[in-house]
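First comes the structure, then the notes that go with it.
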Amino acid sequence: MTEMTTPSRRQLLTLIGRMGGAAAMYQAMTAFGHAAETQFTGPPVLTGAKPGASVVVLGAGLAGMVAAYELTKAGYSVKILEFQDRPGGRNYTLRGGDSFTESDGTVQKVQFAPGNYINPGPWRIPHHHRCLLHYCRQFGVALEPFIQLNHNGFIHSGSAFGGKPMRYKEVATDFRGHTSELLGKALNAGALDQSVSAEDKEKLLEALRHWGLLDNNMAYTSSVHVSSQRGYDQPPGGGRNGAPTPSQIAGLSDVLDPQVWTAMSFYFNYVMQTTMFQPVGGMDMIGKAFARQVGKLITYNAKVTKVAQGGDGVTVSYKDAPSGKMQSVSADYCVCTIPLSIISQVEMQVGPKLAAAMKAVPYAGQLKMGLEFKRRFWEEDDNIYGGHSFTDQAIAQLSYPNDRMFSKGPAVLLGAFARDLGAFQLTAMTPEQRIEAALKQGEVFHPQYRKEYMNGVSVPWSRVPWILGCTSRWSEANREKHYRNLVEMDGRVVLAGEHASYYGGWMEGSLLSGIDAITQIHERVTAA
Amino acid sequence: MSERPALLLLALPLLALLAAPAMGDTPGSVQAKNNMAEGKALFEQICAACHMADARGSGDGAIPSLASDANLADPAYPVGVVMNGKGAMPPFAELLTPAQVGAAITYVRTHFGNDYPQPVTEADVRKLAQP
Ligand SMILES: Cc1cc2nc3c(=O)[nH]c(=O)nc-3n(C[C@H](O)[C@H](O)[C@H](O)COP(=O)(O)OP(=O)(O)OC[C@H]3O[C@@H](n4cnc5c(N)ncnc54)[C@H](O)[C@@H]3O)c2cc1C
C-alpha cells in the first residue's frame, strides 16, 4: 500500500516539471544526480518588462541574436547593429560562389561544387551544449553526427615511426600495451609495494594483462590477440585463406612520441567527447535560423564607432558602410558583443574596471583551409569516414567530411586546422602559398592529393577583418583579475559574447553570456 | 639528465593548453619545434601574420603598426609585450625561445623606419621578460 503512495522518481520529476517549469525540473534532476552537464536551465523567463523599454544590440553573432530574440519575446523593443552584410558572425560557412576578403584586401573566391562547403569557424557541437541544442531544436535546425574519434585516422610525427603516418588504433593500442607491460614489471619487481595493497596489486596486474593485451609472460608482443585491437597484416577472411596474420607492434620509443598521447588525451576532453553534432548543410544554418527570428531587427553594414551613456540612456554611433554616413541609435540599454580583439576601434564610454578588462584578453589566431578533391579517396582508398588525422606540421590536422559518405563527385576536406606558430606561418603566406603548403604537408597522409586536387580556400582568423583573431584565451590570472568586471553591467552597457563566458571558443558560451547579459538588464528594469 | 630540460620545453606549451579549465575548440596535435633563428625569417613568418609584411598592422590600429615606432627605443617594452602578450596579442614566451624573441625584436628595431642598432640578446630577453 505504502509503495503506491510513494511517487516514483519519474512521476516526481514530471510533477515538479509541471509545477515549476524547466528550471525547477532541472534543479530537481541535478539533485537526483542527473544532467549536471550544463549551466543551462532553459530559456530565460523575463516577465514584467516595462512596455517600450528598449535595447540596442551590437553585433549579430549568436550572442547578439539570442539576446535580441529573448528580449523581443519578453516585450522589449530591440535593434541590432552589425558590421557585416550577413548575420551569424563567426557562425559562418563558405560555399562555391562566396568570396572572402582578408584584412589587407586579398580576395579569395570559393570554387567548391554545389553542396560542398567548409566551416571556417565553429564546426562541432558537444552533446552537452544544451543551450545551443535547445535553440537548434526550437528553430528546427537539422543536426547530424560529427565523427570525432576515428580509429582509422592517421597520427603523424616527423620524429617517430620513421616519419610514416600510423593509424590511431595502432599507436593507441601500442601505447596502452607498452605502458601496461612497464607498470606490470614495476609491480612484479615489488617497486610499488609501498603504494599498493597485495589485493589491489593482484587486481591491477589482472587489469593490465587484459587492458594492455599482454601475453602469458606479461609482455606486450605482436600476436593475433593484439591485432584484434591494433589491426592485422591480413585481416580475418572466409574460407581457405580465412586465418588472419598479426601486425607488427611499434617500439616503445616511437610510441612515446607526444603526438600519440596528445591525440589520445584530446579525445578525453569534456568538450571533445563523442557524441558530437554538426548542422546538415553547414554551420551557418544556426545563424540563419536565428536570423529568421530576429533578422528584421538587424541593420547591416553598420560599423559601430562609439557607445556613449548617461543617466537616461545609451547612444550608439555607427558608420553606414555603403554611404559612409554617420548615424546613431538611442536606447535605454546596450548589449555589446563586439569581439575584444577589435573593441579598441570603438570609443566605449565605460568605467575604468570594464575598460581595463576589455584590454586584458588575448586571442588565438587559428587558420582553417578547405580543399576540394575530385573524389573521396580517403573513403575509397584509405577507409577513413569522417574524423581526423593529426600531424606535427603547421597544418596540424586533416578532418574528413562527416556528411554524404560514399557519394560520387568532388568533396571538400579540412586541409588545415592550424594554431599557434603553425597558424601564423600559414597566415603570413599568400593564399596560393598556403594551398601549396597544405598540399605538400597533407601528402604525407594521402599521396593521392596532387592528382585529385581541384581548388581550395584558406581562412586565417587573424586577418578576418571584423575580428582580427579567433577566440578569447583567458589565462587564469586574467580571469581572476578581470572576469567579473568584464561581465558585470556597467551603467547601461553590458558585454556578451564567447569572451564573456567560461566557455570561450564555444557557441554555448556566446549564448549563455547573451542570456546572462539580458537577465542583468531585465533585473535592472524590473527593479526600477 | 641533460636531456630533461629539452623535453620539458617541448611539453610545456601543450600542457598549458590541456590544463586550461574549459579548453576552446582546438586541433588535437602537437607541433614540431620551430628552429628558425634569423630575425628576418621570424618576422616574415610569424610576426607578419598579424602585423603584416610591411609592419603597419591592421584594423585601424587594432593590431598596432611597428613602423617608425618610438615604443621600440627601450627594448624592455617590446620584450615585455612579445613574451607576456598585450591586449589581444597572445604571449609568446611558450611558443618561441628567448633567442628567437631577441632576434625578431632586433630585426624590427633596425627595419621599417626604426633605427635602434643595439641588438637585443637572448640574455636581455631573459632579464627583461619578468612580468
Ligand atoms: C576557428 C574556430 C573554431 C571554432 N570551433 C567551434 C566549435 O567547433 N564549436 C563551437 O561551439 N564553437 C566554436 N568556435 C567558437 C564560436 O565560433 C564562437 O564562440 C561564436 O560563434 C561567437 O559568437 P559571438 O556572438 O560571441 O561573437 P561573433 O560571432 O564574433 O559576433 C560578433 C559580431 O560583431 C560584429 N562586429 C564586429 N565589429 C563590429 C562593429 N564595430 N560594429 C558592429 N558590429 C561589429 C561582427 O561582424 C560579428 O558578427 C570556433 C571559433 C573559431 C574562430
Side-chain angles (χ1 to χ4, degrees), chain A residues 103-104 122-124 157-159 258-259 262-263 265-267 269-272 340-342 344-345 359-366 388 390-394 396-397 417-428 460 462-463 465 468-469 471-473 475-476 498 502-506 509, chain B residues 7-8 10-36 41-54 56-64 81 84-97 100 104 131:
Chain A
S103 54
D104 65 352
W123 56 321
R124 53 187 159 198
S157 163
S159 48
Q259 202 68 264
T262 304
S265 74
F266 172 77
Y267 292 119
N269 278 301
Y270 180 52
V271 283
M272 296 296 174
L340 299 180
S341 47
I342 49 163
S344 65
Q345 295 176 343
K359 285 192 200 130
V361 188
Y363 272 62
Q366 300 175 344
H388 319 292
F390 296 125
T391 172
D392 63 353
Q393 305 172 94
Q397 83 180 59
F417 182 20
R419 68 170 153 95
D420 299 335
L421 295 189
F424 293 131
Q425 275 177 288
L426 292 165
T427 299
S462 25
R463 293 191 179 181
L468 301 176
T471 54
S472 61
R473 280 287 156 85
S475 67
E476 301 219 5
E498 57 88 19
Y502 267 77
Y503 250 137
W506 293 94
Chain B
L7 261 178
L8 279 177
L10 188 91
L12 267 178
L14 178 86
L15 291 180
L17 272 179
L18 293 180
M23 184 181 73
D25 184 61
T26 181
S29 58
V30 207
Q31 265 175 67
K33 246 194 159 145
N34 188 309
N35 295 320
M36 267 184 271
L42 282 157
F43 177 83
E44 288 172 354
Q45 294 183 41
I46 312 276
C47 317
C50 300
H51 292 281
M52 313 306 284
D54 61 4
R56 295 200 170 273
S58 72
D60 302 330
I63 294 176
V81 170
N84 308 319
K86 180 167 194 284
M89 173 162 166
F92 279 79
E94 289 174 351
L95 301 178
L96 297 173
T97 63
Q100 286 176 313

Say you draw a straight line from [atom1] of [X] to [atom2] of [Y]; how long is it, rounded to the nearest 0.5 Å?
{"X": "B:Asn34", "Y": "A:Phe424", "atom1": "CG", "atom2": "CZ", "value": "12.0 Å"}
{"X": "B:Thr26", "Y": "A:Asp420", "atom1": "OG1", "atom2": "CG", "value": "7.5 Å"}
{"X": "B:Asp25", "Y": "A:Arg419", "atom1": "CG", "atom2": "CZ", "value": "11.5 Å"}
{"X": "B:Ile63", "Y": "A:Leu468", "atom1": "CD1", "atom2": "CG", "value": "4.5 Å"}
{"X": "B:Gln45", "Y": "A:Thr427", "atom1": "CD", "atom2": "OG1", "value": "12.0 Å"}

>> Quick check on B:Met89 against chain A: is it the side chain, the backbone, both or neither that has a heavy atom closer than 4.5 Å?
In response: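 Contact with chain A: backbone only.
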
For [X] and [Y], work out which heavy atoms get closest and say how close.
{"X": "A:Leu421", "Y": "B:Leu95", "value": "CD1-O, 3.3 Å"}
{"X": "B:Ala62", "Y": "A:Ile342", "value": "CB-CG2, 4.2 Å"}
{"X": "A:Ser462", "Y": "B:Cys50", "value": "CB-SG, 3.4 Å"}
{"X": "B:Ser29", "Y": "A:Ala396", "value": "OG-O, 3.0 Å"}

Checking [X] against chain B: side chain, backbone, both or neither under 4.5 Å from a heavy atom?
{"X": "A:Ser344", "result": "side chain"}
{"X": "A:Gln259", "result": "both"}
{"X": "A:Gln425", "result": "both"}
{"X": "A:Ser159", "result": "neither"}
{"X": "A:Thr471", "result": "neither"}

> Hey, which of A:Arg124, A:Lys359, A:Gln393 has the most heavy atom pairs under 4.5 Å with chain B?
Replying inline: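 Looking at each option in turn, the highest pair count goes to A:Arg124.
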
> Most heavy-atom pairs under 4.5 angstrom with chain B, which of A:Met272, A:Arg463, A:Gln366?
Replying inline: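 So the answer, after comparing A:Met272, A:Arg463, A:Gln366, is A:Arg463.
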
>> Can you confirm whether A:Phe390 sits close enough to B:Pro27 that some side-chain heavy atom of one is under 4.5 Å from a side-chain heavy atom of the other?
In response: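 They are not in side-chain contact.
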
